[in-house]
Amino acid sequence: MSCGRLAGIASATLAIVALAAAGCGGARWSTIGGAGDRTLVVFAAASLREPVEAASAAYEAGHPGLIVRAAYGSSTALRVEIEEGAPADVFLSADLDNADRLDAAGLTAGSPVPFAGNRLAIVVPADRELVREPRDLAADGVSVIAAGEGVPITAYAGQLVGRLAALPDYPADFAARYAANVVSREDDVAAIVAKIGLGEGDAAIVYATDAARTPGVATIPLPAGVEVVATYAGVGIRDSPGAAEGRAFLDWLVGPAGRAAFAAAGFAAPP
């Protein structure tokens with residue numbers, strides 16, 4: 001019996017429950033979806049939903065009998081789930097750090113593979129004008145939506161704020177004032193940009209791809225020389241039933257077909 005694609009799941013734990021409830025638990029590489037079908041389980045950063053869905057469909061088309069299931073969430077939360085035994089075959093992280101941690105723990109089948117890059121953007125509600133330029137992130141009365149500690153976008157945003165703070169015409173306490181304006185910390189970028197789109201905050205630093213596909217938001221241009229590029233990296237999980245297939249999927253992602261799926265969603269080649 002087919003389980004259906006796992007979309008919109010915020011944590012790997014829920015993904016595992018959904019797989020089991022649909023009849024997939026413990027039998028992902030036997031008879032799922034039909035005689036001889038096998039399933040590849042991918043845990044991916046929330047910002048990767050669009051390209052991973054497209055890449056999964058393309059990969060399935062070229063690999064008869066294979067079904068790709070994807071669960072999305074914070075890279076850090078997904079990495080912890082894998083460390084605790086979640087049955088993922090592939091992990092696609094929004095940074096190098098979480099992939100490297102799994103590798104250092106001896107949980108990966110091969111070294112981490114950078115497969116995509118993403119730029120950062122400052123987003124604001126489309127119908128508001130409180131934040132007109134990056135320096136306004138530190139202005140009095142501005143509500144900034146951010147992510148929690150350990151979420152990759154938090155580190156990337158910190159790099160961008162640091163580069164802005166170093167500009168000669170920015171206040172010396174820019175970074176501190178920005179931090180003081182953070183009113184909410186979300187689990188992942190999808191939650192951050194959704195809040196901005198709903199008008200529940202004045203500004204946020206997110207991935208450019210999320211900014212481009214979210215209704216109700218506008219972007220603020222960045223000064224020259226401060227750009228930060230996020231590096232996405234993937235690993236196969238060593239002891240998973242689909243370890244070999246997972247590594248093959250990663251190899252495909254960094255090839256022409258995989259790169260095309262990510263480019264179509266606005267991602268760049270890894271830096």
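- In this structure a side-chain-to-backbone donor-acceptor pair under 3.5 Å is present from Thr214 to Asp210.
- Using a 4.5 Å cut-off between side-chain heavy atoms of Ile, Leu, Val, Met, Phe, Trp and Tyr, with links allowed through other members, Val80 and Leu48 fall into different hydrophobic clusters.
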* Carefully, step by step, assess Glu60 and Leu40 under the rule side chain to side chain contact (heavy atoms under 4.5 Å, CB included). => CA-CA 10 Å; Glu60 288 175 346; Leu40 180 69; over 6 Å; no
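- One side chain, Thr108 or Asp103, offers a donor N or O that lies under 3.5 Å from an acceptor on the other.
- Remark: the backbone N or O of Gly106 is paired with a side-chain donor or acceptor of Arg238 at under 3.5 angstrom.
- For the atom pair CZ (Phe262) and CZ (Phe115), the distance works out to 4.5 Å, reported to the nearest 0.5 Å.
- With hydrogens and angles ignored, the 3.5 Å screen pairs a side-chain donor or acceptor of Asp136 with a backbone N or O of Glu133.
- A search for salt bridge (Lys or Arg N to Asp or Glu O under 4.0 Å) contacts involving Asp97 returns Arg101, not counting sequence neighbours.
- Ile153 and Ile220 end up in the same hydrophobic cluster when Ile, Leu, Val, Met, Phe, Trp and Tyr side chains are linked at under 4.5 Å.
- Phe43 pairs with exactly one of Leu78, Leu92, Ile237 by the side-chain contact (heavy atoms from CB on, under 4.5 Å) rule, that one being Leu78.
- Looking at Asp89, its side chain never comes within 3.5 Å of a backbone N or O of Glu245 through a donor-acceptor pair.
- Between Tyr170 and Phe174, the two ring planes are perpendicular [angle over 60°; tilted spans 30° to 60°].
- Counting only distance, with no hydrogens or angles, the side chain of Thr154 and the backbone of Glu149 share no donor-acceptor pair below 3.5 Å.
- Side-chain contact between Phe267 and Tyr232 is present, with heavy atoms from C-beta onward closer than 4.5 Å.
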* Taking it one step at a time, do Tyr178 and Ile205 satisfy side chain to side chain contact (heavy atoms under 4.5 Å, CB included)? -> CA-CA 11 Å; Tyr178 165 85; Ile205 298 172; 3.8 Å; yes
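- Side-chain atoms of Arg119 do not come within 3.5 Å of backbone N or O of Val229 as any donor-acceptor pair.
- Taken together through direct or relayed side-chain contacts under 4.5 Å among Ile, Leu, Val, Met, Phe, Trp and Tyr, Val183 and Leu130 form part of one hydrophobic cluster.
- The environment of CG in Asp187 is sparse: at most 12 heavy-atom neighbours from other residues, nucleotides or ligands sit within 6.0 Å.
- In this structure the side chain of Phe91 never reaches within 4.5 angstrom of the side chain of Ser240, judged on heavy atoms.
- Heavy-atom minimum distance, Leu160 versus Leu120: CB-CD1, 4.1 Å.
- Counting only distance, with no hydrogens or angles, the side chain of Arg163 and the backbone of Glu227 share a donor-acceptor pair below 3.5 Å.
- Taking every heavy atom of both residues into account, Pro134 and Leu222 meet most closely at CG-CD2, 4.2 Å.
- Between Val42 and Arg69, every side-chain heavy-atom pair lies at or beyond the 4.5 Å cut-off.
- Closest approach of Val131 to Ala203, counting heavy atoms only: CG2-CB, 4.0 Å.
- Without hydrogens or angle criteria, Ser74 side chain to Val151 main chain gives no donor-acceptor distance under 3.5 Å.
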Side-chain donor-acceptor contacts of residues 121-128 below 3.5 Å, not counting sequence neighbours, with atom names and distances?
residue: Arg128; atom: NH1; partner: Gly199; partner atom: O; Å: 3.4
residue: Arg128; atom: NH1; partner: Asp202; partner atom: OD1; Å: 3.4
residue: Arg128; atom: NH2; partner: Gly199; partner atom: O; Å: 2.7

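- With hydrogens and angles disregarded, a donor-acceptor distance shorter than 3.5 Å links the side chain of Tyr156 to the backbone of Thr231.
- Note that CG of Asp188 is 10.5 Å distant from OG1 of Thr76, once rounded to the nearest 0.5 Å.
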* Asked: Please walk me through it: do Arg79 and Glu83 pass salt bridge (Lys or Arg N to Asp or Glu O under 4.0 Å)?
  -> CA-CA 6 Å; Arg79 186 256 304 165; Glu83 290 173 339; 3.3 Å; yes
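- Side-chain atoms of Pro152 and Asn98, non-hydrogen and from C-beta on, do get closer than 4.5 Å to each other.
- Under the side-chain contact (heavy atoms from CB on, under 4.5 Å) criterion, Glu186 pairs with Ile145, Ser184, Ala191, Ile192, Lys195, not counting sequence neighbours.
- Going from atom CG of Asn181 over to atom CG of Leu137 covers 8.0 Å, rounded to the nearest 0.5 Å.
- Smallest separation of non-hydrogen atoms from Val68 and Ser56: CG1-OG, 3.3 Å.
- Grouping the Ile, Leu, Val, Met, Phe, Trp and Tyr side chains by contacts below 4.5 angstrom, directly or via other members, places Leu96 apart from Val90.
- Looking at every heavy atom in both residues, Val254 comes nearest to Pro114 through CG1-O, 3.8 Å.
- Counting non-hydrogen atoms of neighbouring residues, nucleotides and ligands closer than 6.0 angstrom, the CZ atom of Arg132 reaches no more than 12 such neighbours.
- Closest non-hydrogen pair, Glu53 versus Ala70, comes out as OE2-CB, 4.1 Å.
- For the pair Leu107 and Val235, the minimum side-chain heavy-atom distance is 4.5 Å or more.
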